[in-house]
Colleague: 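Mind having a look at this structure? Questions to follow.
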Amino acid sequence: MPISEKSSATNTRLVVKKLFARQQHEGFGAVVRRSIGRFEFRYFDPFLVLDEFSVSAPAGFPDHPHRGFETVTYMLEGEILHEDCEGHKGVIREGGLQWMTAGKGIVHSEMPSSNSSGITHNKGLQLWINLSSRQKLVEPSYQEIESKDIAETEKDGVRVRVIAGEWNGVKSKICTRTPTMYLDFTLSPGSRISQPIPLHWNAFVYVLQGHGHFGDSKLQHSAAAAHHLLILGLGGDMLEAWNGSDSGLPLRFILVAGEPIGEPMVQFGPFVMNTQEEIDETIDDFENFRNGFEKARHWKSQAASALGLF
Ligand code: FJE
Ligand code: FE
C-alpha cells in the first residue's frame with residue numbers, strides 16, 4: 001500500500017442502530033424518554049441508562065437508593081434540587097452538571113426546587129455509568145459544575161461544551177472513574193465535524209434538537225432528529241456529523257463514548273452489581289440500613305416531607 005494511502009487511513013464509525021425514545025412515566029409523575037436501559041436495549045457497556053427527563057413541580061424523583069454505579073445529571077432547562085441522606089444538598093441549574101458516584105450507597109431525592117414553581121418544565125439528561133467491580137463499593141462522592149464553569153468553545157459554526165474528556169485541547173475538570181468522553185455539540189446550519197473517538201470504546205449520539213446526519217459522508221450515513229439514539233459501530237476512530245438542514249435550525253446532540261468494563265452485570269432497579277448474590281446482599285443492606293445505607297434509617301428528604309410522601 002502506498003505510504004500516502006496508509007497514513008491517511010482513518011476509519012469512520014457508522015451508525016449500526018437507531019432508536020426513538022418514546023415518553024414513559026417514571027418516579028413520581030415524571031416523564032422520561034429512555035433510550036439506553038429499556039427492555040430491548042438493556043446495557044451498552046459501560047452505559048446502563050440514558051433518560052431525557054422532564055419534570056414539573058410537584059413531580060420528580062423522591063427518596064430512592066443507588067449502589068454500584070454513577071449518575072450524571074445534565075440540566076438543559078430549569079433546575080433540580082437534590083438532597084441525600086448524608087446531608088449533601090444542592091441545586092443543579094440550567095446548563096449545569098452533577099456527576100455523582102453512588103459507589104457503596106446513596107439514598108437521595110431529585111426534585112424540582114420550590115422556587116422553580118414558575119418553571120413548568122425542568123428538563124435534562126441523566127446517564128448511568130457502570131463502575132468496575134473494583135470501584136463498585138467506593139465511598140460516595142460528587143463532582144458539581146455550574147454552567148459558567150463548563151468548558152465551552154466555538155469554531156466554524158460549531159459550539160462544543162466539554163462535559164467529560166477533551167476537545168481540541170479544551171479539557172473538562174471532571175474526573176471519570178470509568179473512562180468516558182461526553183461532548184455537547186451545537187452545529188449551525190451547513191456546519192460539520194470530524195470527531196475522533198477512542199478506537200475500542202462504545203459510543204453513541206443522542207439528538208436533542210434539529211436534524212442531523214451521522215456516519216461517513218462518502219460511504220453511508222443516517223439521518224436523525226430529536227429524541228433519537230444512534231449507536232455507533234466499532235472498528236473506527238472517527239465520527240462525521242453535519243447539519244444539512246434547509247430549515248435554518250441548529251442541530252444539537254450529545255456524543256458519549258466509554259471504555260467497556262467487560263464484566264458480568266446484574267441490575268435490580270437502582271442497584272447494579274456483578275452477580276445475583278451481590279444484588280441479594282445489596283437488598284439486605286438497604287432493608288437493614290447497613291454497609292453504606294446506615295444514614296437512611298432516620299432520613300426523609302425535605303421535598304418528600306413537604307409533599308407528604310412516604
Ligand atoms: C430510579 C425509577 C426512577 N431517570 N432521570 C427507578 F425514576 C429512578 C430515577 C431516575 C431519574 C432521576 C433523574 Cl433526576 C433524572 C431519571 C430515572 O431516579 F433511580 C429508579 N431506580
Ligand atoms: Fe437518583
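Start at 1 and go down the list; that is how both ligands and their atoms are numbered. None of the values given here were measured: they were computed from a predicted structure.
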Colleague: Would you please name every residue forming a ring-ring contact (aromatic ring centres under 6.0 Å, His included) with Trp128, sequence neighbours left out?
Modeller: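 ring-ring contact (aromatic ring centres under 6.0 Å, His included) list for Trp128, sorted by chain: His66, Phe69.
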
Colleague: With under 30° as parallel and over 60° as perpendicular, where do the rings of Phe185 and Trp167 fit, or are they tilted in between?
Modeller: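 Rings of Phe185 and Trp167: perpendicular, as their planes differ by over 60°.
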
Colleague: Indicate the atoms forming the closest heavy-atom contact of Ala226 with Gln209, along with that distance.
Modeller: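 Result for this residue pair: CB-N, 4.2 Å.
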
Colleague: Check Glu86 with Lys295, please: is the shortest side-chain N to carboxylate O separation under 4.0 Å?
Modeller: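 Yes, charged N to carboxylate O under 4.0 Å.
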
Colleague: Is the closest basic N to carboxylate O distance between Glu139 and Lys104 below 4.0 Å?
Modeller: yes

Colleague: Which protein residues come within less than 4.0 angstrom of ligand 1, counting heavy atoms only?
Modeller: Glu26, Gly27, Arg34, Asp51, Phe53, Phe61, His64, His66, Glu110, Gln126, Trp128, Pro270

Colleague: Below 2.8 Å of the Fe ion (ligand 2), tally up the protein N/O/S atoms for me.
Modeller: 4

Colleague: Could you tell me if Glu263 and Asn274 have a donor-acceptor pair between their side chains, going purely by distance under 3.5 Å?
Modeller: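 Yes, because at least one side-chain N or O of Asn274 sits under 3.5 Å from a partner of the opposite role on Glu263.
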
Colleague: Pick out which of Arg33, Arg34, Lys123, Arg38 makes a salt bridge (charged side-chain N to carboxylate O under 4.0 Å, His left out) with Asp51.
Modeller: Arg34

Colleague: Tell me the side chain to side chain donor-acceptor pair (under 3.5 Å) pairs involving residues 296-310, sequence neighbours left out?
Modeller: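 Every pair satisfying side chain to side chain donor-acceptor pair (under 3.5 Å) with a residue in residues 296-310: Asp63-Ser301, Lys89-Gln302.
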
Colleague: Answer yes if the side chains of Ser35 and Arg22 hold a donor-acceptor pair under 3.5 Å, and no otherwise.
Modeller: no

